[in-house]
Amino acid sequence: MVEKSIKMIIDFTISNFGPFKDPVTLTFEASKDKHLVSSYVREFSFANGKTMKLLRMALLYGANAAGKTTILEALSLLDGLVTTPTNDVEAELDVNPFEFQDEVNPTRLSIKFIRLGIVYRYQLDLTKSGIICETLEYQAVPPDGIKFNLIYQRCRGDLQSQFIFNFGTKFKLNKSETQKIHVELLPNITMLSVLNRKMTIQNEMVQQAYLWFKEQLLGEVTPNTNLTNWVSRELDNKQFDRSVLLKTLNQAGIPIQSLELMDRTLTSWEQDILQNAPDEETRDRFSKLFENRPKEVNTVYQIGQNSYRLSLERQESLGTQRYYGLAGLLSALCQEGIETDVNSKKTCKVLPIDEIEHSLHPDLLEHFIVTFLSDSSQSQLIATTHYREFLQNILLFRDDVIWFVDKDDQTLSSGLYCLEDVKTDAGLRATSSVYNFYKHGRLGAVPKFEV
């Protein structure tokens, strides 16, 4: 039986971006290790009978400035170019090539993912000034190694033709569509975005590739991300079940009795802005801006016969605020979707989190990961962390979900490697402590101090 609900990331490759000069690949293809298979590995079959095993998590370790966050930023850049492209023809792309080189080459971002039984590969070659080449491919007989079939390719042209297009047998544009794509497509905008936002394209493969970015890939969460406002909006819009969110908080040892969403009152500063607005139009604009703010959240505690309310933003700890946001993320990763003929109720999301341990007690962090693994079905988590004590708990991780980012002292270029691939050369045995090996620098990816 073909598992149509699978919509997972297979791997992500970047080169000439940030500290990464040469190509590095973060892969989610599982090793043959049988450890914690039911928690971490999802196996599914294609129509041809072939199977694929994918992991549900990747944890990135490394010293500061090695490039852990850069991998998440590259993934977010690719997602933004597809789903939220610029409207400014002169806007530069947020591309930062490897600095320590004489000749600057294009940055390359390449991702493989699966959606509704089809394996896709989407690749961009780009500079700050625009996209050099964009390629969308698929595997006719998945999984089939490196063999892919072309859907379309768009490359930078010359003075006579701004773009050069190549199409595979599965996708063609008629004359009017070709004319429109030349009008709508800009050097700094992806063709995948234009085909799905500006044109009515009845091509299932192009649509499904776009929908993977739009529906599966979530935005990067950083320590500065205001998750409180996001979760409150989702609660207010009935996208999250309040009782489920409350249960998640209670299971983490946060004894909140209930959550209340309250309309915000205008501060004295906001009232001054409205009163001193130069004209009615400006006043209306600010008034609508204030009205569209997320509602304020009160946490309610029951002590004996009395109820007490605290403002989440002003009176709760940073840890409680952080876990309120993470509980919302768990809702997005774990909640069931609408069941249709081609989409089962299994939720498939890909969530990048930078510094996942931020403002969290270690026990709360481990609880979050355990909850994610047990309650989500096929969602995937990509996280950077400095929490090395996680490596002490062999009952909580597999070797193929642990990745290291390390910068070469001579070239200042970073590399990416998996614990599964280096443990033998590093001398790790079944009885060895990964934590001790990493702590003492025997696995690399740690700060290097001058003696």
Side-chain angles (χ1 to χ4, degrees), residues 6-31 33 40-42 52-63 65-82 96 98 107-115 119-124 143 145-146 212-213 216-222 333 348-356 369 372 378-387 390-391 397-408 413-423 438 443-445:
I6 294 289
K7 303 165 188 174
M8 301 172 74
I9 185 174
I10 299 173
D11 61 45
F12 179 52
T13 300
I14 66 176
S15 64
N16 194 32
F17 189 77
F20 298 100
K21 179 182 179 182
D22 300 317
V24 296
T25 299
L26 178 68
T27 180
F28 286 84
E29 293 195 61
S31 68
D33 189 357
Y40 278 96
V41 181
R42 291 296 175 264
M52 178 179 285
K53 297 179 181 180
L54 292 178
L55 295 163
R56 300 182 49 238
M57 190 165 73
L59 285 178
L60 307 178
Y61 284 85
K68 304 184 301 299
T69 301
T70 301
I71 295 174
L72 305 190
E73 290 172 344
L75 188 60
S76 293
L77 172 62
L78 185 62
D79 179 44
L81 289 170
V82 173
N96 297 302
F98 182 72
T107 291
R108 172 168 288 185
L109 308 176
S110 180
I111 191 167
K112 281 196 301 185
F113 56 89
I114 180 171
R115 183 176 166 96
V119 173
Y120 295 90
R121 181 168 67 188
Y122 183 64
Q123 182 171 291
L124 291 181
I146 61 173
W212 187 87
F213 285 97
Q216 268 61 69
L217 187 54
L218 300 176
E220 178 191 359
V221 175
T222 76
L333 296 171
C348 305
K349 302 288 186 182
V350 180
L351 174 65
I353 303 183
D354 191 25
E355 296 186 22
I356 190 172
I369 292 176
F372 164 75
Q378 294 165 0
S379 291
Q380 292 169 292
L381 181 66
I382 309 172
T384 72
T385 183
H386 292 290
Y387 178 53
F390 184 72
L391 301 174
F397 76 90
R398 288 168 50 100
D399 292 346
D400 51 5
V401 305
I402 304 298
W403 290 80
F404 301 106
V405 182
D406 199 16
K407 183 175 290 187
D408 184 89
S413 176
S414 291
L416 174 69
Y417 50 92
C418 185
L419 174 61
E420 177 71 23
D421 297 329
V422 301
K423 62 183 182 182
Y438 179 59
L443 295 171

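Given the structure is predicted, the values throughout are model-derived calculations rather than measurements.
A donor-acceptor contact under 3.5 angstrom links the side chains of R115 and Q216, judged on distance only. There is a side-chain donor-acceptor pair under 3.5 Å between T13 and T25.
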Kindly indicate, with the supporting measurements, whether the criterion side chain to side chain contact (heavy atoms under 4.5 Å, CB included) is fulfilled by T107 and L109. CA-CA 7 Å; T107 291; L109 308 176; 4.1 Å; yes
Output, in order, the C-alpha distance, side-chain angles, deciding distance and verdict of ring pair (Phe, Tyr, Trp, His ring centres under 6.0 Å) for F28 and F12. CA-CA 9 Å; F28 286 84; F12 179 52; 9.8 Å; no
List the steps and the verdict of side chain to side chain contact (heavy atoms under 4.5 Å, CB included) for R56 and R42. CA-CA 8 Å; R56 300 182 49 238; R42 291 296 175 264; 3.7 Å; yes
For side chain to side chain contact (heavy atoms under 4.5 Å, CB included), just list the numbers for F390 and T385, CA-CA rounded to whole Å, side-chain angles, deciding distance to a tenth of an Å, and then say yes or no. CA-CA 10 Å; F390 184 72; T385 183; over 6 Å; no
S379 vs F372, side chain to side chain contact (heavy atoms under 4.5 Å, CB included): CA-CA, chis, key distance, verdict: CA-CA 9 Å; S379 291; F372 164 75; 4.0 Å; yes
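When ring centroids are compared, Y61 and Y387 stay outside the 6.0 Å threshold. Taking the ring centroids of F213 and F113, they lie under the 6.0 Å cut-off.
Using modelled atom types, no side-chain atom of K112 and backbone atom of Y120 make a donor-acceptor pair closer than 3.5 Å. Formation of a donor-acceptor pair under 3.5 Å by the D400 side chain with backbone atoms of S31 is found in this model.
When side chains are defined from C-beta on, F404 does not count as touching L416, because their heavy atoms never get closer than 4.5 Å. Using a 4.5 Å heavy-atom cutoff, the side chains of K7 and I114 are not in contact. Using a 4.5 Å heavy-atom threshold, the side chains of F397 and I402 count as touching. At least one side-chain heavy atom of L26 sits less than 4.5 Å from a side-chain heavy atom of W403. M8 is not listed as a side-chain neighbour of L55, based on a closest heavy-atom distance of 4.5 Å or more. Side chains of V350 and I382 form a contact here, defined as non-hydrogen atoms less than 4.5 Å apart.
Rounded to the nearest 0.5 Å, atoms CD1 (I111) and CZ (R121) are 12.5 Å apart. L381 contributes atom CG, which lies 5.5 Å from atom CG of L351 (distance to the nearest 0.5 angstrom). Considering CD of Q380 and OH of Y40, their distance stands at 13.0 Å, rounded to 0.5 Å. In this structure, OG on S110 lies 8.5 Å from CG on L78, to the nearest 0.5 angstrom. Rounding to the nearest 0.5 angstrom, the gap separating the CD1 atom in I9 from the NZ atom in K349 is 14.5 Å. One distance of note links CG of D421 with OG1 of T27; it measures 9.5 Å at 0.5 Å rounding.
Of all non-hydrogen atoms in G219 and P352, the two that sit nearest each other are O-CD, 3.9 Å. Closest heavy-atom contact between D33 and R398: O-NH1, 2.9 Å. Heavy atoms only, all atoms of each residue included: V422 and Y417 are closest at CG1-CD1, 3.6 Å. When every heavy atom of P19 is checked against every heavy atom of A66, the shortest pair comes out as CG-O, 3.4 Å. Scanning all heavy atoms of the two residues, the minimum distance from T384 to E355 falls at OG1-N, 2.7 Å. The minimum heavy-atom distance linking V41 with K53 is given by the pair CG1-CB, 3.8 Å.
Partners of Y122 under the side chain to side chain donor-acceptor pair (under 3.5 Å) rule, at least two apart in sequence or in another chain, are E134. Looking at residues two or more places apart in sequence or on another chain, you find no salt bridge (charged side-chain N to carboxylate O under 4.0 Å, His left out) involving D408.
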Return a table of donor-acceptor pairs under 3.5 angstrom between the side chains of residues 68-75 and protein atoms on other chains or two or more places apart.
unit_1 : atom_1 : unit_2 : atom_2 : d
K68    : NZ     : G62    : O      : 3.0
K68    : NZ     : A63    : O      : 3.2
T69    : OG1    : D354   : OD1    : 2.9
T69    : OG1    : D354   : OD2    : 3.1

